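Heads up, the thing below is written out as structure tokens.
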Amino acid sequence: MRVLVDGKPLRRSMRGVKTVAGLLSAIGMSSETAIVKVNGRIVTELDSVGPSDRVEVIRVSTGG
Amino acid sequence: MAICSFCNRNAILYQPYSCKLFCGKHLSDLTEKRVGSTMRKYGMVRNRSRIGVAVSGGKDSTTMLYIMHRLLRKDRSRTLIAITVDEGLRGYRDKSIRCARALCSKLGVEHHIYRFSEYAVKMDTLMRHPKPDPCTYCGVFRRWVLNLAAREHGLDAIAIGHNLDDVVQTFQMNIMRNEPLRIARYTPNGGIATCDEFVPRIRPLLTVPEREVMAYALHNGIPFHNGECPYAGLALRNPVREFINSMEAKYPGTKFRMLNTYLSLIDRLPAGAAQPIRKCKLCSEPSSSETCKRCELLSYAKCKGAKWSVAKKNA
Ligand SMILES: [Zn+2]
Ligand SMILES: [Zn+2]
């Protein structure tokens, strides 16, 4: 699984991660403050992710 | 793939507080409906024809402009005028201003940029004297400049892109700082309408959660800058935001319950609970005390050499 956080590649094993919610908690984030795209599409925290997926985590920044 | 609760498209957002899933279209419909009913409920554009929109270029203000433009596009009696305040934060505001410009020209909305450096001092300079909290400076100066811009362009109100999260964080912070008058003054529809000098500030995104604003903006391809203010880490708002988000994750609906508490509180306040408005003795802008917060902060930061003259700047 390839994971980008705000455009930067994340070098960490995602073994055992099966859902978007699981992925967010593995990297210490929550769905309150992040939007996740899998293979270019916005998904929900209920969706699943697999080893062949390209994941982008976009932090929800504060400020207007 | 999770499927929308209202159609068979793929969902882009799950709402734990309603247990519903939304596709991009149904999230957009819901968000626009919420903004529209907030504007109606508080009479945000009632008897107002020139509506200013404070657009920084971040997700909230660009989404607010986009939705207000959609909702008012057939209304020939009302004009939207975008106002951007440039605090002079290099590497941050310059990028977001480009987004504000791009959206305004896409929508055909008149756009004016006001620079701190022309009316006071640069934020980066002020930050060498960080007094209480960096956001205090920024907020005070931004309000001052917006008020001035509103009068220069004859605006009847100015829309501020505060979303649900911002509103409940502000409420929580005012409790923590023992600022009951600030709670009284922070109203959805601008509050202090008693003074002609003060332009009412409206908050159309009042009932839209932050992450839903973000999902809306991404889905609708709105150009926005997703960066954090370089001084945000120093502010009280940050731990308050984390706390409320962790409560929301554990107890979905917390933010809406906080909003309802705040709205019923200000509903029950007697008229005139907020302080009467006077004129600042130094700059003659409206103020709740003898000298306004801006002038107070300016003299504290010993930045009195800054320019006081006022010149119109168009984008
Ligand atoms: Zn749908
Ligand atoms: Zn003053």
Side-chain angles (χ1 to χ4, degrees), chain A, chain B residues 1-4 10-16 21-24 27 54-64 85 92 96 100 135 138 142 160-163 165-166 169 205 209-211 213-215 217-219 224-229 232 235 237-238 241-242 244-249 255:
Chain A
M1 191 186 310
R2 276 182 41 218
V3 182
L4 295 174
V5 179
D6 287 332
K8 292 190 191 84
L10 187 81
R11 298 183 196 290
R12 196 182 311 177
S13 164
M14 286 293 149
R15 200 176 300 162
V17 167
K18 291 188 173 66
T19 63
V20 171
L23 180 134
L24 286 173
S25 86
I27 62 174
M29 291 175 77
S30 99
S31 53
E32 285 301 312
T33 53
I35 298 247
V36 178
K37 283 185 177 179
V38 173
N39 303 324
R41 296 166 79 153
I42 308 174
V43 297
T44 74
E45 57 269 38
L46 308 183
D47 284 294
S48 51
V49 276
S52 59
D53 285 329
R54 188 167 46 82
V55 181
E56 290 167 75
V57 179
I58 308 159
R59 218 181 286 264
V60 178
S61 62
T62 53
Chain B
M1 283 299 260
I3 300 297
C4 176
N10 291 331
I12 67 162
L13 185 113
Y14 172 62
Q15 269 181 353
L21 286 149
F22 290 83
C23 68
L27 177 72
V55 183
S56 67
K59 65 178 190 317
D60 300 307
S61 60
T62 49
T63 298
M64 171 175 69
V85 177
Y92 168 66
S96 77
C135 296
C138 220
R142 197 174 320 121
I160 308 291
H162 284 180
N163 58 46
D165 294 51
D166 296 322
Q169 286 159 18
L205 298 183
E210 181 160 62
R211 63 189 291 254
V213 174
M214 180 86 166
L218 288 171
H219 175 76
F224 71 93
H225 176 58
N226 188 35
E228 202 103 292
C229 167
R237 188 173 287 276
N238 238 23
R241 179 184 192 233
E242 275 174 33
I244 297 176
N245 276 337
S246 69
M247 289 296 111
E248 180 68 34
K255 289 173 188 174

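Order of the sequence lines fixes the chain letters, A, B, ..., with proteins taken first and strands second; residue numbering starts at 1 for each chain. Values below: every heavy atom of this structure, side chains too, minus hydrogens, waters and symmetry copies. If you're wondering where the values come from, they're calculated on a predicted model, not measured in any experiment.
Using a 4.5 Å cut-off between heavy atoms, B/Pro209 does not touch chain A at all. Heavy-atom distances place the side chain of B/Leu21, and not its backbone, under 4.5 Å from chain A. Both the backbone and the side chain of B/Asn245 come within contact range of chain A, each with at least one heavy atom under 4.5 Å from a heavy atom of that chain.
The closest donor-acceptor contact from the side chain of B/Asn226 to the backbone of A/Ile58 lies at 3.5 Å or more, if one exists at all.
Most heavy-atom pairs under 4.5 Å with chain A, from the set B/His162, B/Glu248, B/Met214, B/Gln169: that is B/Met214.
Against chain B, the residues from residues 29-50 of chain A that qualify, each with a non-hydrogen atom under 4.5 angstrom away, are A/Ser31, A/Glu32, A/Thr33, A/Ile35, A/Arg41, A/Ile42, A/Val43, A/Thr44, A/Glu45, A/Leu46, A/Asp47 in number order.
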